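Keep in mind that what you see is a predicted model, and the values were worked out from it rather than measured.
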Amino acid sequence: MLYSQRPVESNKFVFPIDLDGTEKTIYLQLDTEGTLQLPAKLVSEKDYHQREFSFYLMEGMLAGVIGIMLFYNLSLWYVFRTHEYLYYVLYGISVLTVQFTMLGLSFQYIWPSATWWNNAVVPASMLSTVVFMLLFTNVFLNVRAHRPNLSNIILFCCVVLSLSSLASFFMAYELTIKIAMLSVLLCLTL
């Protein structure tokens with residue numbers, strides 16, 4: 001469903017229900033290729049708007065703080081031209097992409113009519129997050145000088161994950177999300 005087709009403008013699937021004091025049975029039919037998060041709640045319109053205001057305020061503050069940190073590190077990279085600052089910025093952008101896409105904010109504000117892209121970008125950005133985290137760690141901790149074999153393993157993982165990230169745009173979502181989750185778990189054990 002395109003964002004413009006939603007009955008209520010929200011990053012979540014929200015729809016009004018007219019409760020006139022009688023007992024009602026509500027059936028939901030859900031069909032998705034992507035991940036499904038269903039924290040179903042029945043709330044009043046006033047409570048909904050209060051919760052939404054708090055949610056957008058906190059996410060806006062988080063994005064602002066991370067954006068300032070990324071801009072600062074991008075400036076440091078521009079001045080010093082060392083790779084760790086660039087890897088850190090790319091890692092931060094990947095994390096924000098995962099976070100905002102999983103919360104529905106990217107679909108709401110950046111690509112509201114691109115449902116296919118919204119699904120494809122989740123595993124790709126998850127894999128990119130791991131790649132840039134590994135590259136940053138490899139350079140920042142100077143792994144090559146202390147453990148050259150581990151550095152080679154990290155670089156090999158980065159190549160495989162980068163290829164998987166690109167391939168995720170052409171593979172079935174179910175397969176790519178499993179690859180992304182497995183790679184995150186495996187690479188965190190390095």
Side-chain angles (χ1 to χ4, degrees), residues 11 33-35 37 55-112 114-190:
N11 63 314
E33 290 181 6
T35 56
Q37 299 175 28
F55 169 78
Y56 282 105
L57 182 64
M58 292 306 295
E59 288 302 318
M61 288 176 19
L62 174 69
V65 168
I66 292 175
I68 290 168
M69 288 174 39
L70 295 179
F71 180 75
Y72 174 72
N73 280 281
L74 189 62
S75 300
L76 291 175
W77 170 76
Y78 183 75
V79 170
F80 297 115
R81 300 288 182 186
T82 57
H83 290 104
E84 61 262 20
Y85 293 115
L86 182 61
Y87 293 148
Y88 183 76
V89 168
L90 294 171
Y91 166 76
I93 290 170
S94 297
V95 167
L96 281 177
T97 304
V98 171
Q99 182 71 16
F100 286 171
T101 304
M102 293 299 291
L103 290 173
L105 295 171
S106 299
F107 189 59
Q108 182 178 4
Y109 292 111
I110 301 172
W111 47 75
T115 54
W116 173 84
W117 176 258
N118 195 57
N119 276 344
V121 80
V122 172
S125 57
M126 287 174 70
L127 291 164
S128 298
T129 299
V130 177
V131 167
F132 295 125
M133 176 192 68
L134 290 174
L135 289 172
F136 172 77
T137 302
N138 198 30
V139 173
F140 185 74
L141 297 179
N142 199 11
V143 177
R144 179 155 303 287
H146 303 291
R147 307 244 341 248
N149 290 337
L150 180 59
S151 179
N152 291 334
I153 292 170
I154 289 172
L155 294 176
F156 175 76
C157 287
C158 289
V159 169
V160 170
L161 293 172
S162 296
L163 293 173
S164 299
S165 180
L166 292 174
S168 70
F169 290 104
F170 306 103
M171 295 170 23
Y173 179 84
E174 183 179 345
L175 178 61
T176 58
I177 200 68
K178 287 177 182 176
I179 291 171
M181 296 301 286
L182 183 63
S183 68
V184 168
L185 292 173
L186 289 175
C187 290
L188 291 177
T189 62
L190 283 178

Tell me every residue that passes ring-ring contact (aromatic ring centres under 6.0 Å, His included) with Y56, counting only those two or more places apart in sequence or in another chain. none

Please evaluate residues F132 and V89 with respect to the criterion side-chain contact (heavy atoms from CB on, under 4.5 Å), reporting the C-alpha separation (whole Å), side-chain torsions for both, the decisive distance (0.1 Å), and the verdict. CA-CA 9 Å; F132 295 125; V89 168; over 6 Å; no

From [atom1] ([X]) to [atom2] ([Y]), nearest 0.5 Å:
X: I153; Y: C158; atom1: CD1; atom2: SG; answer: 12.0 Å
X: N118; Y: Q108; atom1: CG; atom2: CD; answer: 11.5 Å
X: L62; Y: Q99; atom1: CG; atom2: CD; answer: 6.5 Å
X: I154; Y: R147; atom1: CD1; atom2: CZ; answer: 9.0 Å
X: I66; Y: M61; atom1: CD1; atom2: CE; answer: 12.0 Å
X: F156; Y: S151; atom1: CZ; atom2: OG; answer: 14.0 Å

Is there a side-chain contact between [X] and [Y] (heavy atoms, below 4.5 Å)?
X: Y109; Y: F100; value: no
X: W111; Y: W116; value: no
X: F107; Y: T101; value: no
X: L155; Y: R144; value: yes
X: L127; Y: S183; value: yes
X: L76; Y: N73; value: yes
X: I177; Y: M126; value: yes
X: S165; Y: V131; value: no

Quick one, I93 with T97, criterion side-chain contact (heavy atoms from CB on, under 4.5 Å). Give me CA distance, side-chain angles, the key distance, then yes/no. CA-CA 6 Å; I93 290 170; T97 304; 4.2 Å; yes

Do you know the tightest heavy-atom contact between [X] and [Y]?
X: S168; Y: T176; answer: CA-CG2, 3.4 Å
X: T129; Y: S94; answer: OG1-CB, 3.1 Å
X: L161; Y: L134; answer: CD1-CD1, 4.2 Å

Pair M171-I179, side-chain contact (heavy atoms from CB on, under 4.5 Å): steps then yes or no: CA-CA 11 Å; M171 295 170 23; I179 291 171; 3.5 Å; yes

If you count every heavy atom of other residues, nucleotides or ligands that lies below 6.0 Å from F140 atom CZ, does the total exceed 12?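 No, because the 6.0 Å sphere around CZ of F140 holds 12 heavy atoms or fewer from other groups.
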
So does M181 have more than 12 non-hydrogen atoms from other groups sitting under 6.0 Å from CE?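 No, the 6.0 Å shell around CE holds no more than 12 heavy atoms from other groups.
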
Can you tell me which residue pairs pass the ring pair (Phe, Tyr, Trp, His ring centres under 6.0 Å) test with a partner in residues 73-97, sequence neighbours excluded? H83-Y87, Y88-F136

Could you note down all residue pairs passing salt bridge (charged side-chain N to carboxylate O under 4.0 Å, His left out) where residues 125-141 supplies at least one of them, sequence neighbours left out? none

